[in-house]
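Model, not experiment: these values are computed from the prediction. Residue numbers begin at 1 in each chain, while the letters A, B, ... track the order of the sequences.
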Protein chains: 2
Amino acid sequence: MDGITPLRFSDDTLHLLDQRLLPLEERWLSLATLEETALAIEEMVVRGAPAIGCSAAYGYFLGVLALTSWPGDEASFRVLMAPAAARLRATRPTAVNLFWAIDRMEEVPWSADRGQCLAALRERADTITSEDYDACVSMGDLGADRLTRDLPPGPIAVLTHCNAGALATAGYGTALGVIRSLHRQGRLLMAYSDDTRPRQQGARLTVWELHRDGIPVTLVPDTAAGHLLKTGRIAAVVVGADRIAANGDAANKIGTYMVALAAKAAGVPFYVAAPLSTFDWELPSGDLIPIEERDGDEVRRVGEVPVTVPGIPVFNPGFDVTPAELIAAIITERGVVDAPDTARMAAFRGM
Amino acid sequence: MDGITPLRFSDDTLHLLDQRLLPLEERWLSLATLEETALAIEEMVVRGAPAIGCSAAYGYFLGVLALTSWPGDEASFRVLMAPAAARLRATRPTAVNLFWAIDRMEEVPWSADRGQCLAALRERADTITSEDYDACVSMGDLGADRLTRDLPPGPIAVLTHCNAGALATAGYGTALGVIRSLHRQGRLLMAYSDDTRPRQQGARLTVWELHRDGIPVTLVPDTAAGHLLKTGRIAAVVVGADRIAANGDAANKIGTYMVALAAKAAGVPFYVAAPLSTFDWELPSGDLIPIEERDGDEVRRVGEVPVTVPGIPVFNPGFDVTPAELIAAIITERGVVDAPDTARMAAFRGM
């Protein structure tokens with residue numbers, strides 16, 4: 001795994017790049033317990049659905065590591081670990097990879113041999129992480145090929161929202177993976193990044209990681225995305241997803257839906273790049289995806305600076321849902337779903 | 001003129017509420033010259049198309065007041081004042097009221113009697129200001145009646161973008177005038193205000209002035225407007241305008257266009273409230289409205305706090321254009337243009 005990564009695991013410690021401090025400071029936190037990991041996910045030290053999944057997997061491993069007496073049978077092991085898994089699952093309600101990753105950790109067979117069980121769990125967490133990285137590279141290359149096929153030749157400008165980048169995954173990124181692959185192929189004119197209020201993951205994270213990798217990037221306020229698209233400056237929009245329903249509706253960072261509407265109005269194709277672990281086949285429609293509401297102080301302040309009347313009521317949903325009909329294609333590590341709807345999603349699943 | 005106002009003129013001095021400091025501090029600046037007024041407009045001490053027009057009218061008056069020797073004939077008076085008027089016109093390129101107000105000041109007849117000429121100019125600036133206030137109250141009442149007619153009975157939630165309020169006018173406001181009139185009539189459930197990055201006029205100004213007037217207000221990030229509309233929380237959107245073309249296309253603060261798209265997608269009517277001084281009958285289409293590009297540091301920082309990689313390229317247009325087909329009606333002080341297009345706009349003009 002090359003390049004920028006938001007997490008490393010060594011010496012029974014999860015090391016997380018504290019993304020709340022970027023781009024002004026690069027500080028790594030060292031987490032030794034499940035509870036510390038859960039808090040770090042809640043407080044968005046680490047964010048981005050795939051990176052949350054990888055972190056939660058290591059958090060689960062740390063939870064097992066902390067068991068002081070080794071349970072005598074599998075049933076008591078499961079009883080002991082159930083609240084720990086529930087604690088991790090409760091950290092962020094929207095990202096489905098979180099649940100998927102914990103499910104995969106729970107599927108690791110229990111063993112009476114503590115060392116053997118821990119080794120298997122550690123290996124599973126490492127696998128979840130390395131598979132995520134490999135999936136991002138595949139997705140990036142597939143996405144770049146797809147954009148090249150869809151669009152006229154020559155370098156193109158691409159708009160993205162939030163950070164679906166190396167920092168949101170084990171590395172390379174999903175939407176930014178597509179942008180990285182386009183850049184490697186000499187096909188990228190400019191990446192435009194929305195600011196992404198209230199937490200400014202675009203301004204803070206996307207700009208930082210693309211700039212650091214030498215990829216040309218221009219920052220725009222969220223409010224300017226419509227004008228940018230309407231005035232013909234953008235050839236394609238690529239975003240990530242936190243959860244994709246069985247009909248192709250995609251939940252992603254708040255504001256994504258408005259970008260999709262503006263892309264549609266401008267006749268610009270809108271792509272979602274997300275690993276299969278993001279797909280929630282149980283949900284027939286995006287309307288059923290739970291939307292996390294976050295603290296109003298995220299909007300009342302920027303960092304520590306107040307920007308409005310103190311204590312004013314705030315509505316602060318963390319995500320919105322982009323209907324499938326606004327999505328040109330969903331790019332995964334295993335292939336592309338064109339013009340997604342329930343039938344095409346099901347056909348893709350069966351492939 | 002009751003209530004909040006962003007400007008007062010007394011003792012040959014223009015007093016401007018420094019809107020850059022709101023809501024954390026209420027400080028009034030005292031300006032004694034045309035150049036000070038021009039700088040205050042450029043630096044957005046005062047903003048909002050109608051308030052800029054009123055301020056520029058007083059700025060022109062201050063320019064005439066400063067003439068040390070009284071010109072012996074009208075021609076030399078006009079020659080003397082031409083660069084002063086040009087200085088004011090150059091402050092903000094998008095707001096058409098600015099040009100309209102200076103034109104009206106230039107139409108005041110010159111007089112060999114300095115005192116008489118100054119009195120006439122002062123009276124004209126006062127008239128521009130009081131007419132703007134009266135227009136806002138008319139517009140507010142007309143708009144509230146119109147929304148009441150269009151929507152089911154019972155209190156309604158209204159979304160607005162930026163600050164088209166008392167602070168943007170001589171008082172009462174355009175879009176916020178409609179909200180004030182709805183509130184007076186007991187028809188307002190909640191005003192939702194977009195944050196309005198990059199300068200956060202919604203968070204800083206709209207929230208402040210509605211809260212101060214006891215009108216219920218909830219702040220939302222710009223990125224959440226689409227979700228708010230899509231989930232049925234909003235009955236109507238009302239915004240102001242900086243310039244309206246002859247086909248009904250309306251330029252307003254950056255981000256307005258995306259709100260209009262989201263309103264259309266949700267089947268929520270989108271209203272523009274603006275005085276006739278905002279109409280630019282010379283422009284056949286909104287595509288011809290010049291869009292001011294502002295300094296990138298407005299996006300790179302919030303106040304003095306950096307939020308991205310220093311020096312990163314930024315695209316920062318100050319306005320965007322909402323096509324007439326997304327506008328349910330334009331509300332003016334003289335009446336309402338329904339479903340505006342070139343023919344209906346021309347018919348309204350001829351009334």
Side-chain angles (χ1 to χ4, degrees), chain A residues 23-24 161 190 192 194-198 200 202-204 207-208 211-212 216-228 230-231 233 253-262 264-265 291 296 298-300 302-310 312-317 319-321 323, chain B residues 23-24 161 190 192 194-198 200 202-204 207-208 211-212 216-228 230-231 233 253-262 264-265 291 296 298-300 302-310 312-317 319-321 323:
Chain A
L24 305 177
H161 187 75
M190 177 61 70
Y192 284 89
D194 276 349
D195 188 7
T196 321
R197 275 283 285 166
Q200 292 169 297
R204 295 191 302 105
V207 164
W208 178 81
H211 179 69
R212 168 166 274 214
V217 58
T218 295
L219 176 64
V220 295
D222 300 301
T223 48
H227 182 70
L228 194 69
K230 188 166 180 270
T231 51
R233 289 167 160 96
K253 181 54 55 196
I254 191 73
T256 303
Y257 167 57
M258 296 174 87
V259 178
L261 285 172
K264 187 77 167 186
I291 300 295
E298 290 186 352
V299 187
R300 290 186 204 102
V302 175
E304 294 303 304
V305 183
V307 292
T308 190
V309 175
I312 208 78
V314 165
F315 178 62
N316 185 24
F319 302 88
D320 60 25
V321 176
Chain B
L24 303 177
H161 186 77
M190 178 60 71
Y192 285 89
D194 276 349
D195 188 9
T196 320
R197 277 280 286 165
Q200 290 167 298
R204 294 193 301 107
V207 164
W208 178 81
H211 178 69
R212 168 166 274 213
V217 57
T218 295
L219 176 63
V220 294
D222 301 301
T223 46
H227 182 70
L228 195 68
K230 187 166 181 274
T231 51
R233 289 166 161 94
K253 179 56 53 196
I254 192 73
T256 303
Y257 166 58
M258 295 174 89
V259 179
L261 285 172
K264 187 77 167 186
I291 301 296
E298 290 187 350
V299 188
R300 288 186 206 103
V302 175
E304 295 301 306
V305 184
V307 292
T308 189
V309 175
I312 208 78
V314 165
F315 178 62
N316 185 24
F319 302 88
D320 59 26
V321 176

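The closest donor-acceptor contact from the side chain of T223(B) to the backbone of T196(A) lies at 3.5 Å or more, if one exists at all.
Heavy-atom pairs under 4.5 Å with chain B peak, among T256(A), V305(A), D195(A), at D195(A). The greatest number of non-hydrogen atom pairs below 4.5 Å with chain B, out of A265(A), A203(A), P216(A), is found for A203(A). When each of V217(B), T308(B), T231(B) is scored by its heavy-atom pairs under 4.5 Å with chain A, the top score falls to T308(B). Chosen from A224(B), P310(B), G296(B), P323(B), the residue pairing most often with chain A at heavy-atom distances under 4.5 Å is A224(B). Note: R233(B) leads K264(B), M190(B), R233(B), K253(B) in heavy-atom pairs under 4.5 Å with chain A.
Proximity to chain B (any heavy atom under 4.5 Å) is shown, for P221(A), by both the backbone and the side chain. Both the backbone and the side chain of V220(A) come within less than 4.5 Å of a heavy atom of chain B. Within the 4.5 angstrom heavy-atom criterion, atoms from both the backbone and the side chain of V207(B) approach chain A. Both the backbone and the side chain of V314(A) come within contact range of chain B, each with at least one heavy atom under 4.5 Å from a heavy atom of that chain. Contacts between P317(B) and chain A at a heavy-atom distance below 4.5 Å involve the side chain alone, from C-beta outward. In this structure, chain A has heavy atoms under 4.5 Å from both the backbone and the side chain of P313(B). Residue R212(A) does not touch chain B at all, counting heavy-atom pairs closer than 4.5 Å. Residue contact with chain A, scored on non-hydrogen atoms closer than 4.5 Å, involves the side chain of I312(B) exclusively. The part of Y257(B) that comes within reach of chain A is its side chain, from C-beta onward, which places non-hydrogen atoms under 4.5 angstrom from that chain. When heavy atoms are compared at a cutoff of 4.5 Å, V309(B) approaches chain A by way of both its backbone and its side chain. Both the backbone and the side chain of D222(B) come within contact range of chain A, each with at least one heavy atom under 4.5 Å from a heavy atom of that chain. Residue contact with chain B, scored on non-hydrogen atoms closer than 4.5 Å, involves the backbone and the side chain of I254(A) alike.
Note: H227(B) and F315(A) have parallel aromatic rings, judged against thresholds of 30 and 60 degrees for the angle between ring planes.
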key: side chain to side chain contact (heavy atoms under 4.5 Å, CB included) assessment of V307(B) paired with V302(A)   = CA-CA 9 Å; V307(B) 292; V302(A) 175; 3.9 Å; yes
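For R204(A), the salt bridge (charged side-chain N to carboxylate O under 4.0 Å, His left out) criterion is met by no residue, not counting sequence neighbours. Residues satisfying the side chain to side chain contact (heavy atoms under 4.5 Å, CB included) test with A225(B), not counting sequence neighbours, are M258(A), L159(B), D194(B), V259(B).
Within the model, atoms NZ of K230(B) and CG of D320(A) stand 7.5 Å from one another, a figure rounded to the nearest 0.5 Å.
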